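Everything on this sheet refers to the single structure shown next.
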Amino acid sequence: MVTFHHRRELISDICFSQDAGKYLAVASYDSFVDIYNVLTSKRVGICKGASSYITHIDWDARGKLLQVNTGAKEQLFFEAPRGRKQNISVAEFEKLDWASWTSVLGPTCEGIWPTLSFVNTASLTKDRKLLATGDDFGFLKLFSFPSRGQFAKFKKYVGHSTNVTNVRWSNDDTMLLSAGGADTALMIWTREPTGHKESKAVDSEESDNDTEEDGGYDSDVAREKAVDYVTKIYSASIRNMSGTKPHLQHKELPVEERSLCWNTCLDTEASIVATTCITSTTALTSSSTRLLPWSSRACPLVGTQSFYLEHTDDILCLTVNQHPKYQNIIATGQIGDITDMPGLAPSIHVWDAMTKQTLSILRCSHAKGVSYINFSATGKLLLSVGVEPEHAITVWRWQEGTKVTSKGGHTERIFVVEFRPDSDTQFVSVGIKHIKFWTLVGGSLMYKKGVIGSVEDGRIQTMLSVAFGANNLTFTGAINGDVYVWREHFLVRVVAKAHSGPVFTMYTTLRDGLIVTGGKERPTKEGGAVKLWDQEMKRCRAFQLETGQPVENVRSVCRGKGKILVGTKDGEIIEVGEKNAASNTMINGHTQGGIWGLATHPFKDVFISASDDGTIRIWDLADKKLLNKVSLGHPAKCTSYSPNGEMVSIGMENGEFIVLLVNSLTVWGKKRDRSVTIQDIRFSPDNRFLAVGSVESAVDFYDLSLGPALNRIGYCKDIPGFVIQIDFSADSKHIQVSTSTYTRQVHEVPSGKVVTEPLVIERITWATWTSILGDEVLGVWPRNAEKADVNCACVSHAGLNMVTGDDFGLIKLFDFPCSEKFAKHKRYFGHSAHVTNVRFSCDDKYVISAGGSDCRRQLMLSHAHCRAR
């Protein structure tokens, strides 16, 4: 027996190497892994370099490499036995053979992480096919391995009352052991043999969305099913602010200043034109609709966007009238609320795409919003589906503005409802585990459920899309990638694995009957996310979408004039030529989450956006196109260019910040001194200091002249509330900090000492002004700001104008300074809800604005000619 006591903190993991147990690795909360030679009973190596405590360790099969997970969600590698840190690429990593796998991090485990919970433990079977995990909700989950991409499929089992602390497979993988935390329970689970159909036991359920009869689980479908549409027209603050708002704060002015009076006036010629990026070719999440005409060339038309601006809240659906008599007639449906705000009921707008003239507004009985709409064959009738629990289907005579009839569609979510292309009386609805074939008889709706019968591979499952063929055929795309072929309401055959994942969209071309499908599928030589089928869906041609990165998730398709228009989950619209299969990306955008970070280049028409989707994207203002993007692995919250334009810094949600070289987009340095969100990050005007503000009510200073080690040389303390915005003085000696308690403080750089003398503060010239607080900007706060906030601001480089963004989705343009309460301004609409950030371009020609809830799919570019008098 040998004992060691080299560490003071808790021992978190311990593991023998596979080569007859020659080495023993011991991990601790001291952020080290000690390696011992078992034969000599001596410590032979120490693994250093982790920024937090160690959670999991695994040996490779040769006993030469250690994989380490940390509490900071770092995946590190160390050579054994000396413990030297190794940098291993993803390609090299995937070739390694591991003796064990308890890691919860890395590209092969990305899909095991849920939105809200924390994954504590994992264990991989010896055949490397099945990964078991335990989380803070007490769930055991089984994933296929590797588990790539977000929100992978899983099966869920319930046994523990609270967090699961550890899981391990038995030697033959027939049993799984799990240990609980607060419940102090050890449970043994039996793995059923292959082919066994699990019975529904009371203590075990299949994962939230993964039932056999449902065709399997898909994260995108699950999120769509769970969406709760809430009107944003009277939004609350996007930040958790506290204290008295500036325009309500009482301040006693000196006697000599009481007679001063500001009189501001803005030029009536000031204008803003917005450009909105949408997620797909049929659905918009904004209160305005953009039209982007197709071009006969290989690139989109620039400068031809136009807008319909009559909606008052988020647009959920869009359809185009296909009848020649009603060319260019568009219908769009929005969310609303008839319970608390009767005047804001959901509505459908029918309008002319060329003139933007409203032809009809249909005030709906749908309680929360309109999720899908579709014109009939003659173009005279319009179908709508509500998002209320009964998902009512309503038929309208849109020209008259009258309702023909309405009936509850289904208790579960309806994804699509479409008229047959040759009928005004027959249509099909599909959704969660149902398909119904409807007939309009007089003033009533009748339906028949789809009959599966004895067709091989046929079963009731979630249907996501609909297309139509000759001889009364109907095609429906299923969650498992199959396409079901129906004649009348009877299933006649199944096109197995039309896509490897859910078939999200289908489009019937009336001219030749060919059908386009789009779904979730990784590009291969034989397959892709977009396919063109014959009239009976027996043969197809797959298209490889060449965008620089693989396109695996298509949400909308449309076909015409020898081209296929594709809308992706990642906010892209791609035009594909049928003959040469050439792809042209017309629109790019961020994906999940809001856009928080925004920075413009100091002397180029270029800007960077940073988003919750874990990427930064570099955009060209003049050409309105994406230049590049960098995936960071964690949600990005702020970004900033250095004054010389050579570096860009990014602050992350996990407390880390990164400095990239602009020319190569390689990492110059990164650091993580805080464990919470970085709210703002700024370079000093002399390019020497980097200021990093966080939710921990602190601003840290780093001296860039000391190199990429990014050593902290000072910090600001005694900041009330978390940091919102930071600005440097022109001489780099001071910063002003805006906080969540509606207070503004000035600090010395780099000591962090608070400056309180008013005369000193008044003499400071600021290099930038993004603060929403201070006497100079008191006038930006509106009278109706009790429940909402001004979130962001930016003063033009000329110092004449100030632009703000607020929780109402408004962009406002003020003269600067604007010290008088409720200052005159011009306001502009473009966002459907919270505006998170605004910036002027280097020459003040453009204003760029970013949105919160709406920018899951939207990037706003505002072109502003600001002239103040």
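In this chain, residues are counted from 1 in sequence order. Keep in mind that the numbers below use all heavy atoms, side chains included, and drop hydrogens, waters and symmetry copies. Note that the coordinates shown come from a computational prediction; the quantities given were computed from them, not determined experimentally.
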TODO: Would you please test Asp570 and Thr568 for side chain to side chain donor-acceptor pair (under 3.5 Å) and show each step?
DONE: CA-CA 5 Å; Asp570 290 337; Thr568 75; 5.1 Å; no

- [ ] Mind running side chain to side chain donor-acceptor pair (under 3.5 Å) on Asp613 and His590 for me, showing each step along the way?
- [x] CA-CA 7 Å; Asp613 66 5; His590 283 283; 3.0 Å; yes

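In this structure the side chain of Glu696 never reaches within 4.5 angstrom of the side chain of Phe722, judged on heavy atoms. With contacts defined as side-chain heavy-atom distances shorter than 4.5 Å, the pair Cys792/Thr836 does not qualify. The side-chain heavy atoms of Thr121 and Thr165, taken from C-beta on, include no pair separated by under 4.5 Å. A 4.5 Å side-chain heavy-atom check between Val777 and Met802 finds at least one atom pair inside the cut-off. Taking the side chain as every heavy atom from C-beta outward, Phe118 and Asn163 never approach each other to under 4.5 Å. A 4.5 Å side-chain heavy-atom check between Val723 and Val699 finds at least one atom pair inside the cut-off. Counting only heavy atoms from C-beta outward, the side chains of Tyr53 and Glu9 never approach each other to under 4.5 Å. In this structure, Met652 and Pro635 have side chains that are not in contact, with every pair of non-hydrogen atoms separated by 4.5 Å or more.
Shown are Thr804, Asp806, Asp789; of these, the side-chain contact (heavy atoms from CB on, under 4.5 Å) with Trp781 is made only by Asp789. Screening Phe607, Tyr641, Trp619 against His601 for a ring pair (Phe, Tyr, Trp, His ring centres under 6.0 Å) leaves a single residue, Tyr641. Among Leu621, Val662, Leu627, the one residue that satisfies the side-chain contact (heavy atoms from CB on, under 4.5 Å) test with Val606 is Leu627.
The residues Arg712 and Asp700 are annotated as salt-bridged, a charged nitrogen and a carboxylate oxygen being separated by less than 4.0 angstrom. Ion pairing between Arg148 and Glu110 fails under the 4.0 Å rule for side-chain N and carboxylate O.
A donor-acceptor contact closer than 3.5 angstrom links the side chains of Asn120 and Asp136. Side-chain polar atoms of Trp596 and Asn837 form no donor-acceptor pair below 3.5 angstrom. Side chain to side chain, Ser642 and Asn644 meet the donor-acceptor criterion of an N or O pair below 3.5 Å. Inspection of the Thr768 and Arg682 side chains reveals an N or O donor paired with an N or O acceptor under 3.5 Å. Looking at Asp807 and His834, their side chains do bring a donor and an acceptor atom within 3.5 Å of each other. Residues Ser631 and Thr615 bring no donor and acceptor atom of their side chains to less than 3.5 Å of each other. Between His747 and Gln745, the side chains place a donor N or O and an acceptor N or O closer than 3.5 Å (distance only, hydrogens not considered). Using modelled atom types, one finds a donor on one side chain and an acceptor on the other under 3.5 Å when comparing Asp727 with Thr770. Side-chain contact annotation: Asp58 with Thr102, donor-acceptor N/O pair under 3.5 Å present.
Not counting sequence neighbours, the partners of Glu653 by the salt bridge (Lys or Arg N to Asp or Glu O under 4.0 Å) test are Lys637. Asp673 is linked by a salt bridge (Lys or Arg N to Asp or Glu O under 4.0 Å) to Lys671, counting only residues two or more places apart in sequence or in another chain. Listed by chain and residue number, nothing satisfies the salt bridge (Lys or Arg N to Asp or Glu O under 4.0 Å) test with Arg827 (two or more places apart in sequence, or in another chain).
When all heavy atoms are compared, the tightest approach of Ile678 to Ser694 is CD1-CB, 4.0 Å. Counting all heavy atoms, side chain and backbone alike, Leu105 lies closest to Glu74 at CD1-O, 3.3 Å. The two atoms that bring Ile735 and Phe701 nearest to each other are CD1-CZ, 3.6 Å, heavy atoms only. Residues Val790 and Ile772 approach most closely at O-CD1, 3.1 Å, considering heavy atoms. Taking each heavy atom of Ser31 and Ser52 in turn, the nearest pair found is OG-O, 2.9 Å. Between Ser740 and Gly721, the closest heavy-atom pair is OG-CA, 3.3 Å.
Expressed to the nearest 0.5 Å, how far CG of Leu131 lies from OG of Ser147 amounts to 7.0 Å. To the nearest 0.5 angstrom, Ser849 atom OG is 12.0 Å from Arg839 atom CZ. How far CZ of Phe728 is from OG of Ser684: 5.0 Å, rounded to the nearest 0.5 Å. The distance from atom OH of Tyr702 to atom CZ of Phe683, rounded to the nearest 0.5 Å, is 13.0 Å. If you take OH on Tyr742 and CD1 on Ile724, they are separated by 7.5 Å, rounding to the nearest 0.5 Å. With rounding to the nearest 0.5 Å, the separation of CG in Leu690 from CG in Leu704 is 5.5 Å.
No donor-acceptor distance shorter than 3.5 angstrom exists from the side chain of Asp30 to the backbone of Phe32, with no hydrogens or angles considered. Side-chain N or O atoms of Asn654 include one that pairs as donor or acceptor with a backbone N or O of Glu656 at under 3.5 Å. In terms of modelled atom types and a separation under 3.5 Å, the side chain of Asp620 and the main chain of Lys625 share no donor-acceptor contact.
Because its NZ or CZ atom is both nearer than 6.0 Å to the ring centre of Trp113 and within 45° of the ring axis, Lys73 counts as a cation-pi partner of that residue.
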